[in-house]
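The next block holds one structure in the form of structure tokens; read it before the comments.
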Amino acid sequence: MSLADRKRYEPSEVEPRIAERWLHARINSPAPEGDSRDNYSIAVPPPNVTGALHMGHALNGTVQDALVRFHRARGKNTKWILGTDHAGIATQTQVEKLLVSEGSSREEIGRDEFLKRVWTWRDQYGGTIIEQFKALGASLDYEDERFTFDEAYAQAVLKVFVDLYEDGLIYRDNYMVNWDPGSGSAISDLEVEEREVTDSIYEIAYPLADGDGELIVATVRPETMLGDTAIAVNPADERYTHLIGRTAILPLVGRELPIIADEYVKTDFGTGALKITPGHDPNDFELGRKHGLAEISVIGEDGRMNENAGEFAGQTVTQARAAIVERLAGAVRGVEPHVHTVPFSHRSGERIEPLISLQWFMRMDELAGPAIDVVRDGRVTIHPPSQSRRYVDWLENIRPWCVSRQLWWGHQLPVWYRGEETYVGATEPEGDGWVRDADVLDTWFSSALWPFATLGWPEDDPRLRAFYPTDVLSTARDILFLWVARMVMMGLRFTGDVPFADVYIHSVIQSPDGRRMSKSLGTGIDPMDLITGGPRPPVFKEGGDFPAYGADAVRFGLMAMSSTQDVRFSEEKVAQGQALANKLFNATRFVLMNVAAGAKPRRDPQTIEDRWIASRLLAARADFEARVQEFDFSKAAFGLYDFVYGELCDWYLELIKGRDFDARLSGHLLYVLRETLALAHPLIPFVTEELWDNLPGTDGLLAAHQLSPERGARDEQAEAEIAQAIAIISAVRTWRESAGVKPGEMLQARASGIAGIEALVAKLARLKFTADGAPAVATIPVAGTTIELLTGVDPEEAARKTAAERSRLEGEIKRAAGKLENAGFVAKAPADVVEAERQKLDRLRADLEAL
RNA sequence: GGGCGGUUAGCUCAGCUGGUUAGAGCACCGUGUUUACACCGCGGGUGUCGGGGGUUCGAAUCCCUCACCGCCCACCA
């Protein structure tokens, strides 16, 4: 169907076709040539291999794609590195659920069979999100897809582990960890979230060993008392100083507990006497190590009381708590409700059980220093700047990272044991009797290598030379520590260079009602539903399906929404993007239906409005480029919208209507259109590509088009004159509207000093200028001149209108004059401000005079 | 407990290195002169810039304070 017959832009018809052309043209798969200074690269935050596109991916994908297309058009060899993450716990949990629904379990089928099932699952769902990225228009390098579980990637992971072990940064230790009973694994501090809960606080009497009274301690976890190995009091607490060094008896167990002094104990909380359970409380663990106390575990990794719990062994924590409180009977001296925060697993949602466990840890202090330095000295810039402080604060207080996980789906530790021996190496050790550690690495361990392991590191890969360091890392705030900081640390350690120059932290898009987007709350919005017209989720008041907005509209909308802080989703902004695409489409139709046959794009201004639009195009381009470079995408998007609507369509195309579309005008129009499409392409690639294809004198794909270097200077004179024309036309239109004069009625008018724009004003303001000396029936002072209307005006309406305008001017004059009469203002304000106010007052008075 | 951010039109947000009568999109109201677009054009701002105090010739903008909302960090039993 020819463009002339398509009155409306239909993204659903166009986008799949265009996406297919991009893929076939291989523009996304650059040759690994040159080095990172000539090239532009971004490593996509690898989505969970079996995940689906959510709003965060859509926003982040748009940001990265806009950057990639922007730099590609400006001469860079660009690579957007594609890949997915094996996502240890998340994926394992999904497959386990599947097994349970089949009446089976991972334990039942065993490790090898389970891993096969996960691979099958991956093959089944692994392509979904990649297809969705294609629909969004993301120009990822689809021919070089990586997976954090690829053979080569796995080798890189093992090498890093082995190297860090040999450097003494990775070690095995019995230490307090966050045990997640839900996943049956230790997890890192970052995977823990604090939630507020109401517990009971029990006051329990511990008798003194010498029979001389008792000591009352307060606890919310009586079940852990079985593992108590001391009682601590503050050395300055006069209530207890006489007890320090003496011994108490642990009820139910009979263990002797030394009474120790430590400033850690608060005198004004609880009873001022703290039971110390090094086996099950992080603080007590620290105190225990400090004071050399025994560490007794009474809770096992299954979340049940273990053999050290005596008669309570086998009970769950909750059961044991009740049973112990009951057995203590009279020793319980008080029970109060207590609101406090306790750790929960971010993954499984279960309450964390702190316990001592033999795990692999990574010392972070040595890695953190350089990672702080590169942000401080600007080798890595974090946008917005407020986030770099968070980054530095976290790194300055960093603690060892527990990297081992008791899962099956992940990189198995390259560690073997034989009796007391430990072997760490990339390959299995020689000799018999070695048993490999069953644990796997935290998923974030492998993710931390993403920017270089995807490019072939540690091999001397041409891709690494060409595209590392990458240019930008774009992501959401929530993984600044979990991922970004660790990539910087690992990048510096293993490649000697930063992994990226800029970090862009984008907004989190909330549901329209301000809540977090979530499927279970019904507040989630699937970007694909916006693109193709799926159902509106319950969070929208109105029901029904979204219109098929198309990928360009979604991309524009998300960019328009983006900010330095979190924002609410706004369907209107997506609709605005749809309107922009449609507007460009129709402006192009208009041009193509009118240009002279054989015309080619050529910058060739003949008239003042031609000069004006060429100048405004330069301004729009400079503005867009500045906004993109400072990561201010919403301004970039709105700037583009304003240019297309507010300058190109509303004014320029209206101003040229009626002119002879000769070869010169046709060429100039095609030029303006071509440059506009090229400028807008990074944000709305589909519609611009489609129109480019229909534009005479363009070769190949717009996506592969190199922008011509910016030519020419701004034309101040044309900009000033057309600005005046616009002001006059708008003023006349406003005047007509409020004076009740029909928009189409031709009026006789008179004006002076606007010779250069008189014809343009006459056309769009529906005026017929004359030198007739007839008296004016109405006057409109505007933009340094006065439009006098001679005919077609009801004198009463005109008089009313004039009176209203007079009173407006008088009000402003009064205000300006008052300001200038204020001695303080004249004396203290800067001279140019005062002068501007004077000039304004003069102008207002002249306007009033003209009335 | 500590820290950060927010509160501007009916809605979503700009503006905040102090200086025109505070803006945009959508919604809303009015209206259709035209060689593309009714997913259109043209015209219209509907506001106690969260409350209070202060600095200043001048405050949405700077300072203090209060309120509410959101987020991050944190080892008070």
Base-contact (B) and sugar-phosphate-only (S) positions in nucleotides 70-77 of chain B, heavy-atom cut-off under 4.0 Å, - elsewhere:
-SS--BBB
Once each nucleotide of nucleotides 34-44 of chain B is scored for protein heavy atoms under 4.0 Å, what B/S/- sequence comes out, 5' to 3'?
BBBB-BSSSSS
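The pairing partner recorded for B:U17 is none, the criterion being a Watson-Crick or G-U wobble arrangement whose two distances lie under 3.5 angstrom. With a 3.5 Å ceiling on both atom-pair distances, B:A36 lacks any Watson-Crick or G-U wobble partner. Pair check for B:C42 finds B:G30; Watson-Crick or G-U wobble, both atom distances under 3.5 Å. In this structure, B:U61 forms no base pair with any nucleotide, since neither Watson-Crick nor G-U wobble geometry is met with both distances under 3.5 Å. Base-pair partner of B:G5: B:C69 (Watson-Crick or G-U wobble, both distances under 3.5 Å).
Across all their heavy atoms, A:Pro743 and A:Arg766 have their closest contact at O-CG, 3.5 Å.
Comparing B:G58 with B:A14, their P atoms sit 30 Å apart, to the nearest whole Å. The separation of B:C69 from B:A22, taken at their C1' atoms, amounts to 24 Å, rounded to a whole angstrom. Between B:G18 and B:C63, the two P atoms lie 11 Å apart (nearest whole Å). Spacing of P atoms, B:G6 relative to B:C40, comes out at 34 Å, to the nearest Å. Distance noted for atom P between B:U31 and B:A24: 22 Å (whole Å). Using P as the reference atom, B:A27 and B:U65 are 43 Å apart when rounded to the nearest Å. Taking the P atom of each, B:C49 and B:U7 are spaced 14 Å apart, rounded to whole Å. Separating the C1' atom of B:U33 from that of B:C42 is a span of 9 Å, rounded to the nearest Å.
A sub-4.0 Å separation between OP1 or OP2 of B:C11 and a side-chain N or O of A:Ser570 is absent. At B:G32, one or more side-chain N or O atoms of A:Lys742 fall inside 4.0 Å of OP1 or OP2 (strictly under the cut-off). For A:Lys635, a side-chain nitrogen or oxygen approaches OP1 or OP2 of B:G15 to under 4.0 Å.
Using a 4.0 Å heavy-atom distance criterion, A:Arg389 is classed as a sugar-phosphate-only contact. A:Ser634 comes within contact range of no nucleotide atom at all, as no heavy-atom separation falls under 4.0 Å.
Counting to the nearest Å, the C1' atom of B:U12 and the CE atom of A:Met561 are 9 Å from each other. The nearest whole Å value for the distance from the CD atom in A:Gln576 to the P atom in B:A27 is 10 Å. Across the protein-nucleic acid pair, A:Leu747 atom CG and B:U33 atom P stand 14 Å apart, rounded to whole Å. Atom C1' of nucleotide B:U12 and atom CD of A:Gln565 are separated by 12 Å, given to the nearest angstrom. Distance A:Glu572 CD to B:G10 P: 16 Å, rounded to the nearest Å. We find that CZ of A:Arg736 is positioned 13 Å from P of B:G32, with the value rounded to whole Å. Rounded to whole Å, the distance from OH on A:Tyr641 to C1' on B:A24 is 9 Å.
One side chain, A:Asp228 or A:Thr277, offers a donor N or O that lies under 3.5 Å from an acceptor on the other. The closest side-chain donor-acceptor pair between A:Ser188 and A:Glu191 falls under 3.5 angstrom. Inspection of the A:Asp262 and A:Asn234 side chains reveals no N or O donor paired with an N or O acceptor under 3.5 Å.
For A:Lys657 and A:Phe661, the positive end is not near the middle of the six-membered ring at less than 6.0 Å and at most 45° from its axis.
Comparing A:Lys763 and A:Val567 by the nucleotide of RNA chain B that holds the closest heavy atom to each, the one mapping nearer the 5' end is A:Val567. Each of A:Gly744 and A:Ala560 was matched to the nucleotide of RNA chain B holding its nearest heavy atom; the match closer to the 5' end belongs to A:Ala560.
Between A:Phe585 and A:Tyr9, the angle of the ring planes lies from 30° to 60°, which puts this pair in the tilted group. Classified by interplanar angle (parallel below 30°, tilted 30° to 60°, perpendicular above 60°), the ring pair A:Phe631/A:His383 is tilted. The aromatic rings of A:Tyr645 and A:Tyr641 sit parallel, their planes meeting at an angle under 30°, below the 60° perpendicular limit.
Between A:Phe285 and A:Tyr175, the distance separating the two ring centers is shorter than 6.0 angstrom.
Checking each of A:Asp281, A:Thr224, A:Thr229 against A:Lys275 for a side chain to side chain donor-acceptor pair (under 3.5 Å) leaves exactly one that passes, namely A:Thr224.
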Candidate pair A:Glu13 and A:Arg6, rule salt bridge (charged side-chain N to carboxylate O under 4.0 Å, His left out), full reasoning
CA-CA 11 Å; A:Glu13 183 273 319; A:Arg6 294 158 61 189; 3.7 Å; yes
